[in-house]
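Take a look at the structure set out below.
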Amino acid sequence: MLRPKMAIVVVATIVGIGGYSSYGITQQKDTSYAVMFRADIQHTGVYDTNAVSSFGGLKWRFRARGGVHSSPISTDRAVYFGSKNGNLYAVDIGTGKELWRFKTGGAIISTPAMADEVLYFGSSDGNLYAVDIRAGNELWRFKAGAPVISSPAIDNGVIFFGSNNGTFYAVDIKTKREIWIFETGDEVNSSPAIANGIVYFGSSDGNLYAVDIKSGLEKWKFRTKGRVCSSPAISGGAVYFGSWDGNLYAVDAITGAEIWRFQTRGWVNSSPAISGGAVYFGSFDRTLYAVDIRAGKERWRFRTRDWVNSSPSIAEDIVYFGSYDRNLYAVDVTTGQEKWRFRTRGLVYSSPLIANGIVYFGSNDGFLYAVH
């Protein structure tokens, strides 16, 4: 039975370490360096940087000694990402040398978000952490009580994220206290996207939720026939997301009314990227799709040899994504023709980061790669 969909306003204690507090930012102004999952707070997956149109080789790789499902973020100094071995790493962006690591008690699948030189990320040990980016020191932690797979989003000093206990949280960064919580009927692995005072996220109970960012009250929910682990993307007044029922959905951002759906032959766990009037996403039917954003009709498809669980990323005219066939692919956004591929020794689940003409991504083989 589903629990009531309501906001619960609470005052909770967070384990504090040190006296640091930070007030967050909505987006980084220099979009050459992405400081949250899917490049921006609308989760469009578009990076404002030079594309890697032709493969020039491996710049470096960093051995994490644990599968890298977390997607990297970067500054001009470092790349930050988590590993299934429980560590969050800071790696020099130019050399691939370790700057520091921070150990948690569980796997880190969550992609960190950064605000005011603090990294916020979840761990399977049931905590959301705040860690200083310079030295990797813990500033505080928030106990959710269940694994935090969801990648947090930060807006106007509030951090939003979900947990496997079925709860979605809004936590004030300055006070380190819950503002509200919203209960769903199952795990919240989906990462939130935000636009126009509404936060959107999916739940394994089969719903996409739209919740008022201030009050935590439900605006609407959209029901699918499968888990919604895909993270939504917002563009042009619509929200796009996938479901384990095999569909990619486009729904009205204000009303929650369905605009169109596109059927694949496998689960859609991949989070969509949006650019140039098309939405790009992967399916467990081993395919990356490009679908017209207005008509919901296929423009092209690109087949791989295994599931496409990785969320695609776009820079200029290239879409990048990973596959369980162990490859990272670079494909022309207009034609769907392969530009190049790079093979690792493990499945590629991580969503690629593109910065200054370099593609950074993780593999289940335990490495973070930088290719150019």
Side-chain angles (χ1 to χ4, degrees), residues 31-34 38-40 43-61 68 71-74 79 93 96 233 235 240 248 262 264 268 270-293 297-365 367-372:
T31 53
S32 296
Y33 299 101
R38 311 299 294 135
D40 55 48
H43 282 5
T44 62
V46 177
Y47 292 84
D48 185 14
T49 188
N50 296 328
V52 183
S53 299
S54 59
F55 181 69
L58 176 67
K59 183 175 177 64
W60 52 256
R61 66 176 184 173
V68 181
S71 303
I73 66 168
S74 71
V79 179
I93 198 167
S235 180
Y240 304 87
L248 183 87
F262 181 88
T264 77
V268 181
S270 170
S271 303
I274 302 171
S275 179
V279 55
Y280 303 84
F281 65 98
S283 171
F284 275 43
D285 65 7
R286 306 179 179 186
T287 305
L288 183 86
Y289 292 93
V291 173
D292 186 271
I293 204 168
K297 303 296 183 182
E298 181 180 320
R299 289 188 175 182
W300 53 257
R301 65 177 66 184
F302 180 90
R303 291 280 292 173
T304 75
R305 295 182 178 180
D306 212 331
W307 297 343
V308 181
N309 202 16
S310 170
S311 300
S313 300
I314 297 171
E316 295 185 325
D317 58 350
I318 307 294
V319 55
Y320 307 87
F321 66 98
S323 169
Y324 277 31
D325 68 11
R326 304 183 179 186
N327 287 296
L328 177 83
Y329 292 93
V331 173
D332 187 284
V333 296
T334 303
T335 66
Q337 297 298 307
E338 181 179 324
K339 304 290 286 186
W340 54 265
R341 71 176 71 177
F342 178 84
R343 186 166 178 81
T344 74
R345 295 182 179 180
L347 62 87
V348 181
Y349 178 92
S350 172
S351 179
L353 158 72
I354 307 96
N356 286 341
I358 300 172
V359 183
Y360 303 89
F361 69 99
S363 169
N364 205 44
D365 64 10
F367 285 93
L368 183 83
Y369 292 89
V371 298
H372 62 137

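All values below were derived from every heavy atom in this structure, side-chain atoms included, with hydrogens, water molecules and symmetry-related copies excluded.
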Flag side-chain contact, heavy atom, 4.5 Å: [X] against [Y]:
| X | Y | answer |
| --- | --- | --- |
| V319 | L288 | yes |
| Y47 | L353 | yes |
| V68 | Y369 | no |

Nearest-0.5 Å distance that lies between atom [atom1] in [X] and atom [atom2] in [Y]:
| X | Y | atom1 | atom2 | answer |
| --- | --- | --- | --- | --- |
| I358 | T49 | CD1 | OG1 | 9.0 Å |
| R299 | I293 | CZ | CD1 | 8.5 Å |
| R38 | S71 | CZ | OG | 7.5 Å |
| L248 | S271 | CG | OG | 10.0 Å |
| S283 | W307 | OG | CH2 | 10.5 Å |

- Intermediate values then yes/no, side-chain contact (heavy atoms from CB on, under 4.5 Å), D317 and S53: CA-CA 8 Å; D317 58 350; S53 299; 4.2 Å; yes
- What is the ring orientation for F55 with W340, classed by angle as parallel under 30°, tilted 30 to 60°, or perpendicular over 60°? tilted
- Distance-only polar pair, side chains of N364 and Y349, donor-acceptor under 3.5 Å: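 Side-chain D/A pair, N364 to Y349: absent.
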- Item | Neighbour count >12 (heavy atoms, 6.0 Å) for atom CZ, R345 |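 It does not: R345 CZ has 12 such atoms or fewer within range.
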- Query: Do other residues, nucleotides or ligands put more than 12 heavy atoms under 6.0 Å from the CH2 atom of W60?
  - Reply: yes
- Task: Check each of I73, I93, I354 against Y360 using the side-chain contact (heavy atoms from CB on, under 4.5 Å) test, and report the only one that passes.
- Result: I93
- Query: Which of these passes side-chain contact (heavy atoms from CB on, under 4.5 Å) with Y289: Y280, F262, F302?
  - Reply: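 One option only clears the test, and that one is F262.
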- Tightest non-hydrogen contact, residues S310 and P352, listed as OG-CD, 4.0 Å
- Task: Could you walk me through whether K297 and D292 pass the salt bridge (Lys or Arg N to Asp or Glu O under 4.0 Å) test, one step at a time?
- Result: CA-CA 5 Å; K297 303 296 183 182; D292 186 271; over 6 Å; no
- Taking N327 for the side chain and Y329 for the main chain, is one N or O donor matched with an acceptor at less than 3.5 Å?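 No.
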